[in-house]
Structure formats: C-alpha cells, structure tokens
Amino acid sequence: MTKDRPVALVTGSSRGLGQAITLELLSRGTEVVGLSRSPAPKVVQGIPGYHQLRFDLNQTGEIHSKVQEIITAHGVPDYMVLNGAMGLG
C-alpha cells in the first residue's frame, strides 16, 4: 500500500487531549484514525482524512483484529498517540 500522507492512530480521540491532538494532526495534513468508545465529536466529523473507529480498549481480546483492520485500510501507522484511558471504580 502506498500512502500519500502520514497516518496517525490516536486512542481516546473523541475528547480532551486526544481530540486536541487529532485536530492538530489533521491541520498538518496527517490522516488520523481515531479510536474511542464515544462517537466522533462534531468538530472532526467530515474533516477529510479523519476516520473514526469505535472501540473499547478494555476489550483486549479484540485489539489484534482492530489493529489488523487499521493496517488493511490505512497501512501501518506512522505515529501512535496512546491517549486512551479507563475509569476505575
């Protein structure tokens, strides 16, 4: 697969720091695959190069298949921002 621009995988991309990083990467021409439990926020919906993949990182048995899905669709990510978190309690 030949990529026209770099690809970033951002976990926790739907809000807070992850959303801010996603917007910055998109503004720099990076294609972003955003992983989050929540739907994509309106601020990124429709921006060319943004791809939402809803996924809960607590589903550890499915991580490998999700990574393969990303690689198949977008190639190996050039950048990974591991911002996803889980609440305890």
Side-chain angles (χ1 to χ4, degrees):
M1 163 179 274
T2 303
K3 297 188 283 188
D4 295 331
R5 56 189 183 169
V7 174
L9 170 64
V10 181
T11 64
S13 64
S14 65
R15 56 187 161 178
L17 185 59
Q19 180 179 316
I21 291 169
T22 294
L23 290 169
E24 181 64 25
L25 288 167
L26 288 166
S27 76
R28 293 174 182 239
T30 303
E31 187 172 342
V32 175
V33 179
L35 263 65
S36 66
R37 291 179 291 193
S38 305
K42 290 182 181 180
V43 70
V44 296
Q45 290 177 5
I47 295 178
Y50 180 75
H51 310 279
Q52 170 76 22
L53 185 58
R54 289 192 62 188
F55 181 64
D56 184 348
L57 291 172
N58 289 319
Q59 303 298 319
T60 57
E62 297 179 27
I63 291 174
H64 181 75
S65 65
K66 290 296 179 185
V67 170
Q68 285 304 121
E69 184 179 331
I70 292 165
I71 291 171
T72 299
H74 307 284
V76 175
D78 299 287
Y79 310 105
M80 294 181 70
V81 179
L82 303 177
N83 179 64
M86 64 177 160
L88 300 175

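In this chain, numbering begins with 1 at the start of the sequence shown. The structure presented is a predicted model; accordingly, all values stated were derived computationally and were not measured.
Under the 4.5 Å side-chain heavy-atom criterion for ILVMFWY residues, no single connected hydrophobic cluster contains both Leu9 and Leu25. In the hydrophobic clustering of this structure, Leu26 groups with Leu17; members are Ile, Leu, Val, Met, Phe, Trp, Tyr whose side-chain heavy atoms approach within less than 4.5 Å, directly or through other members. Cluster membership check: Tyr50 shares its hydrophobic cluster with Val81, using side-chain heavy-atom separations under 4.5 Å among Ile, Leu, Val, Met, Phe, Trp and Tyr. Residue Ile21 is not grouped with residue Tyr79 when hydrophobic side chains (ILVMFWY) are merged at heavy-atom distances under 4.5 angstrom, including chains of intermediate members. Both Val7 and Leu82 sit in one connected hydrophobic cluster of ILVMFWY residues. Membership requires side-chain heavy atoms under 4.5 Å apart, directly or through other members.
Side chain of Thr30 to main chain of Val32: no donor-acceptor pair is present (N/O by atom type, distance under 3.5 Å, no hydrogens or angles). Panel note: side chain Gln52, backbone Gln45; no donor-acceptor pair is recorded below 3.5 Å. Checking side-chain atoms of Ser36 against main-chain N and O of Arg54 turns up no donor-acceptor pair under 3.5 Å. Using modelled atom types, no side-chain atom of Arg37 and backbone atom of Phe55 make a donor-acceptor pair closer than 3.5 Å.
Considering every non-hydrogen atom in both Pro77 and Ile70, the closest pair reads CG-CG2, 4.3 Å. Closest approach of Ser14 to Pro41, counting heavy atoms only: O-CG, 3.4 Å. Among all heavy-atom pairs drawn from Asp78 and Pro6, the shortest one is OD2-CA, 3.2 Å.
Looking at residues two or more places apart in sequence or on another chain, you find no salt bridge (charged side-chain N to carboxylate O under 4.0 Å, His left out) involving Arg5.
A distance of 6.0 Å separates CD in Glu31 from NE2 in His74, rounded to the nearest 0.5 Å.
The one candidate from Asp56, Leu53, Ile63 that meets the side chain to side chain contact (heavy atoms under 4.5 Å, CB included) condition with Leu35 is Leu53.
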